[in-house]
**Student:** 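Input: one structure, supplied below.
Indexing begins at 1, ligand by ligand and atom by atom, following the structure's order. These numbers come from the heavy atoms of this one structure, side chains and all, not from hydrogens, waters or symmetry mates. Note that the structure is a prediction, hence the values are computed from the model and not measured. All residue numbers refer to positions in the sequence shown, counting from 1.
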Amino acid sequence: MVSKICCIGAGYVGGPSMAVMADSSPGVDIEVVDVDQQRIDAWNNLNGASLPIYEPGLQQVLDRVRGHNLHFSTDVAGAIRRADMVFLSVNTPTKHRGHGAGSAADLTFIEKAARQIADSAQGATIVVERSTLPVRTADGLRRILDCSTNARFEILSNPEFMAEGTAIDDLQNPDRVLVGGQCDATVNALAGIYANWVPSSRIITTNLWSAELAKLTANAFLAQRISSINAIAGICEATGADVEEVRRAIGADRRIGAEFLKPGPGFGGSCFKKDLLNLIYLAEHYGLDEVARYWRMVLDLNGWSQKRISQMIVKALFGTLRDKRIAVLGFAFKADTNDTRESPAIGICRDLLHDGASLSIHDPRVDDGAMRSLLSMSDDGLPAVGGFEKAASVETACDGADAVLILTDWHQYKQLDWADLASRMRQPGWVFDARRGTNLAEAESHGLDTWQIGRGGMN
Ligand code: UDX
Ligand code: ADP
């Protein structure tokens, strides 16, 4: 019976997933630990700090469990020592230097955490991989853990499939939970915890390597769907077809399905790019060069999805952005999150700045500091040319703007008061809707020129 759990890493995955587990498993006591004191203070809402991540419904779940069977602290060693089961939820970014730079996962944090587990664990301990890892990481993990003299370990892979912005609902009602391992009793120990709130038909058990590969595969397939529909959006614009109609038509086919076919400025978030690179590295490692090239194309197309937006804007605004003001609506990689990791807005805004534009950026959840650290340098590492500021409202963002660019699908952009916004803008004004996320017909009725992703007929 598992009664004491430790989760190393209080990030976007560790925090919400342990909160939901604690909420549905009153019999287990969970300690979420992190080396980052500020993050832990924020999770504890100390000194008026707001939670480190924004996720609808998260605060309500925390209110029920924090201080009861869920605790946040920086006592990594103590929590490991007390635990029967340790979840590894640390970050695994792409390596930036050395062997495999640019595609292999950087396992520094995993390795460090594994050494801490080897040093501090006592007795029989189950170690659960939660971070997305290259296939066969468990081999390396085992070698480090085997150095322990005080504990015996079993390793499980339990990748998390939740998406940001819908994390609480995804965690409470998952399509499936995946538990991979080599020992049935250990697999069942974790499956038994999930059985507290997940129907057993949705708990899938596999071997370790299948679980590790399934997570990479799921993200690669999802990313591929977005790149595919974005490619079709480009064809729609050139031919007079409408991607919304194409989407409806193909989504009605059961074999294809309606989800994950929304065109946009390219996918962002912490997973897709990193996991595709991870898969590409794996394919190359095993000499499967065509396979590597196939998946790299999905990434290349994502780069194209982003680049073409800034290029199209420059073209529409008479070939130069110097002395032009652009209101950018949305900076997060998608709605309902404050996360900006790999957000398409970063590259697009950098390109616009590079062309001399002055940007006024609105986002309901992303703070000033995050924008500043991402935009003060251009892609080539040089200081950005144009200027940018965070706007407190959509209205102030549009004051004096030559164009409005919608990059994130925040619900507050769906119905904008275009009569008011158009009167604040410099004429002739443009609206570029890269998400099909606003009432564009109304913008047109107030004299604004418009471009919408995947809608034919502009050229
Ligand atoms: C993703 C996976 O969905 C999740 O299962 C995995 O565990 C982590 O990676 P996340 O990155 O949080 O989750 O968000 P997701 O909703 O998948 O969106 C990723 C990106 O794709 C966003 O930039 C989003 O705007 C874009 N997207 C998504 C589209 O452009 N069109 C779509 O139809 C869906
Ligand atoms: P994810 O989106 O996968 O949750 P994050 O970057 O949001 O990733 O969170 C990972 C967290 O793991 C960070 O808060 C980081 O400080 C923490 N972390 C990394 N290594 C360790 C470690 N050895 N011990 C404790 N916490 C760690």
Side-chain angles (χ1 to χ4, degrees), residues 6-18 32-40 42-43 52-53 55 72-77 79-80 86-93 106-117 120 130-133 159-167 170-171 174-176 178 214-216 218-223 225-230 233 243 247 251 257-276 302 305-306 330 332-337 339-345 407-410 434-437 453:
C6 158
C7 171
I8 306 181
Y12 281 86
V13 174
S17 65
M18 289 299 122
V32 182
V33 291
D34 204 294
V35 283
D36 184 340
Q37 181 73 55
Q38 243 185 331
R39 216 168 207 193
I40 290 298
W43 278 110
I53 67 176
E55 201 57 71
F72 291 93
S73 83
T74 50
D75 181 14
V76 181
I80 296 172
V86 180
F87 285 79
L88 267 173
S89 224
V90 303
N91 31 342
T92 50
D106 182 347
L107 299 180
T108 314
F109 300 110
I110 284 284
E111 192 184 323
K112 267 201 192 128
R115 290 183 196 280
Q116 282 168 306
I117 299 173
S120 303
R130 290 285 281 167
S131 321
T132 307
L133 298 166
E160 181 48 63
F161 294 97
M162 68 168 223
E164 287 174 31
T166 51
D170 292 348
L171 289 160
D175 286 347
R176 74 337 204 153
L178 182 56
K215 170 72 192 211
L216 290 184
N219 279 344
F221 272 58
L222 291 170
R225 276 173 80 91
I226 300 171
S227 278
S228 300
I229 199 71
N230 283 341
V243 76
R247 175 163 89 101
E259 300 290 319
F260 247 74
L261 287 177
K262 280 202 229 88
F267 56 76
S270 65
C271 286
F272 286 171
K273 183 175 177 193
K274 170 171 80 75
D275 291 356
L276 274 168
N302 199 47
S305 302
Q306 300 178 16
F333 80 96
K334 65 179 208 176
D336 290 326
T337 178
D339 197 351
T340 55
R341 286 180 288 180
E342 299 296 340
S343 176
L407 287 182
T408 308
D409 45 344
W410 284 105
R435 287 281 186 176
R436 295 184 84 114
I453 191 159

**Student:** Could you identify the single nearest non-hydrogen protein atom to atom 11 (O) of ligand 1 and state the distance to 0.1 Å?
**Tutor:** Phe333 CE1, 3.5 Å
**Student:** Can you find an N/O atom of Pro263 closer than 3.5 Å to an N/O atom of ligand 1?
**Tutor:**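 No, no N or O pair falls under 3.5 Å.
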**Student:** What residue and heavy atom of the protein are closest to atom 26 (C) of ligand 1, and at what distance?
**Tutor:**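 Looking only at protein heavy atoms, the one closest to atom 26 (C) of ligand 1 is Ile226 CD1, 3.7 Å.
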**Student:** Just jot down the ligand 1 atoms closer than 4.0 angstrom to any heavy atom of Lys215, in number order.
**Tutor:** 6 (C), 7 (O)
**Student:** Quick one: look up the protein heavy atom nearest atom 13 (C) of ligand 2 and list residue, atom name and how far away it is.
**Tutor:** Arg39 NH1, 3.2 Å
**Student:** Between Met162 and Ala167, what is the shortest heavy-atom contact and its length?
**Tutor:** SD-CB, 3.7 Å
**Student:** Could you check which of Asp34, Val13, Asp36 puts a non-hydrogen atom nearest to atom 16 (O) of ligand 2?
**Tutor:**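 Of the listed residues, Asp34 has the closest heavy atom.
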**Student:** Tell me: protein heavy atom nearest atom 12 (O) of ligand 2, and distance?
**Tutor:** Gly9 CA, 3.4 Å
**Student:** Considering only heavy atoms of Gly11, which atoms of ligand 2 have at least one such atom less than 4.0 Å away?
**Tutor:** 4 (O), 5 (P), 7 (O), 9 (O)
**Student:** Just to check, does Glu259 reach to within less than 4.0 Å of ligand 1 when the distance is taken from its heavy atoms?
**Tutor:** no
**Student:** Looking at every non-hydrogen atom in both residues, tell me the closest pair between Thr340 and Ala332 and how far apart they are.
**Tutor:** CG2-CA, 4.4 Å
**Student:** If we only count heavy atoms from C-beta on, is the Phe161 to Asp170 side-chain gap below 4.5 Å?
**Tutor:**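 When only atoms from C-beta onward are counted, Asp170 and Phe161 do not touch, as no gap falls below 4.5 Å.
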**Student:** Short list, please: which atoms of ligand 1 are under 4.0 Å from a heavy atom of Phe267?
**Tutor:**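 So the answer, numbered in order with elements, is 20 (C), 21 (O), 23 (O).
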**Student:** Does atom NZ of Lys262 have more than 12 heavy-atom neighbours from other groups under 6.0 Å away?
**Tutor:**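 Open: at most 12 neighbouring heavy atoms sit under 6.0 Å from NZ of Lys262.
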**Student:** Write down the atom of Phe109, the atom of Asn91, and the distance for their closest heavy-atom approach.
**Tutor:**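 That would be CD1-O, 3.3 Å.
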**Student:** Counting from 1, what ligand 2 atoms have a heavy atom of Val35 closer than 4.0 Å?
**Tutor:** 16 (O), 24 (N), 25 (C), 26 (N), 27 (C)
**Student:** Evaluating non-hydrogen atoms only, which member of Glu164, Glu160, Lys262 is closest to atom 12 (O) of ligand 1?
**Tutor:** Glu164
**Student:** Less than 4.5 Å apart, side chain to side chain, heavy atoms only: is that true for Ile110 and Val90?
**Tutor:**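 Answer yes - side chains close enough.
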**Student:** Heavy atoms, side chains only, cut-off 4.5 Å: are Phe267 and Ser227 in contact?
**Tutor:**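 A side-chain contact under 4.5 Å exists here.
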**Student:** Please identify which atoms of ligand 1 are closer than 4.0 Å to at least one heavy atom of Lys334.
**Tutor:**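 This gives 12 (O), 14 (O), 15 (P), 16 (O), 18 (O), 25 (O) as the contact atoms.
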**Student:** Geometry only, no angles: is Met162 polar-contacting ligand 1 at N/O separations under 3.5 Å?
**Tutor:**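 Yes - when backbone and side-chain N and O of Met162 are compared with those of ligand 1, one distance drops under 3.5 Å.
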**Student:** Report yes if the side chains of Val243 and Ile453 come closer than 4.5 Å at any heavy-atom pair, otherwise no.
**Tutor:** no
**Student:** Counting only heavy atoms not in Lys274, do more than 12 fall under 6.0 Å of its NZ?
**Tutor:**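 More than 12 heavy atoms, drawn from other residues, nucleotides or ligands, come within 6.0 Å of this atom.
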**Student:** Heavy-atom contacts under 4.0 Å between Arg435 and ligand 1: side chain, backbone, both, or neither?
**Tutor:**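 Contact part for Arg435 vs ligand 1: side chain (C-beta onward).
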**Student:** Between Glu55 and Thr166, which heavy-atom pair has the shortest distance, and what is it?
**Tutor:** OE2-N, 3.2 Å
**Student:** Just to confirm my output: which protein heavy-atom neighbour is closest to atom 19 (C) of ligand 1, and how far is it?
**Tutor:**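 Residue, atom and distance for the closest contact: Phe272 CE1, 3.5 Å.
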**Student:** Contact between ligand 2 and Arg130 is defined here as a heavy atom of the residue under 4.0 Å from a ligand atom; is it met?
**Tutor:**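 It does not, in that no heavy atom of Arg130 comes within the 4.0 Å cut-off of ligand 2.
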**Student:** Classify the ring geometry of Phe72 against Trp43: parallel below 30°, tilted from 30° to 60°, perpendicular beyond 60°.
**Tutor:** parallel
**Student:** Heavy atom under 4.0 Å from ligand 1: found in Cys271's side chain, backbone, both, or neither?
**Tutor:** side chain
**Student:** In the protein, what heavy atom is nearest to atom 17 (O) of ligand 1, and what distance, to one decimal place, separates them?
**Tutor:** Phe260 CZ, 3.1 Å
**Student:** I want to check something: taking the side chain as every heavy atom from C-beta on, are Glu164 and Pro16 in contact at a cut-off of under 4.5 Å?
**Tutor:** no
**Student:** Indicate yes or no: at least one non-hydrogen side-chain atom of Ile117 is less than 4.5 angstrom from one of Leu88.
**Tutor:** yes
**Student:** Indicate yes or no: at least one non-hydrogen side-chain atom of Arg225 is less than 4.5 angstrom from one of Leu261.
**Tutor:** yes
**Student:** Looking at Ser89 and Val13, what are the two nearest heavy atoms and their distance?
**Tutor:**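 Ser89 and Val13 have their closest heavy atoms at OG-CG1, 3.7 Å.
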**Student:** Tell me: protein heavy atom nearest atom 6 (C) of ligand 1, and distance?
**Tutor:** Asn219 OD1, 3.4 Å
**Student:** Under 4.5 Å between any side-chain heavy atoms of Cys6 and Val33, yes or no?
**Tutor:**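 In contact.
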**Student:** Nearest to atom 23 (N) of ligand 2, what protein heavy atom do you find, and at what distance?
**Tutor:**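 Checked against all protein heavy atoms, atom 23 (N) of ligand 2 sits closest to Gln116 OE1, 2.9 Å.
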**Student:** Quick one: nearest non-hydrogen protein atom to atom 19 (C) of ligand 2, plus distance?
**Tutor:** Asn91 OD1, 3.4 Å
**Student:** Does any N or O atom in Ser270 lie less than 3.5 angstrom from one in ligand 2, N or O only?
**Tutor:** no
**Student:** To the nearest 0.1 Å, how far is atom 2 (O) of ligand 2 from its closest protein heavy atom, and which atom is that?
**Tutor:** Arg341 NH2, 3.1 Å
**Student:** Of all the heavy atoms in Ser89, does at least one lie under 4.0 Å from an atom in ligand 2?
**Tutor:** yes
**Student:** Taking distance alone, with no angle check, do Phe161 and ligand 1 share an N/O pair under 3.5 Å?
**Tutor:**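 By distance alone, the answer is yes.
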**Student:** Can you name the atoms of ligand 1, numbered from 1 with element, that are less than 4.0 Å from a heavy atom of Leu261?
**Tutor:**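 Checking each atom against Leu261, I get 33 (O).
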**Student:** Suppose I only count heavy atoms of Val90 and a 4.0 Å limit; which atoms of ligand 2 are within that range?
**Tutor:**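 In order of numbering, the contacting atoms are 12 (O), 18 (N), 19 (C), 20 (N), 21 (C), 27 (C).
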**Student:** Please give me the minimum heavy-atom distance between Ala335 and Thr408, naming the atom from each residue.
**Tutor:**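 So the two residues come closest at N-CG2, 3.6 Å.
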**Student:** Pull out every atom of ligand 2 sitting under 4.0 Å from any heavy atom of Ile8, numbered as shown with elements.
**Tutor:**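 Ligand 2 atoms under the 4.0 Å threshold to Ile8: 22 (C), 24 (N), 25 (C), 26 (N).
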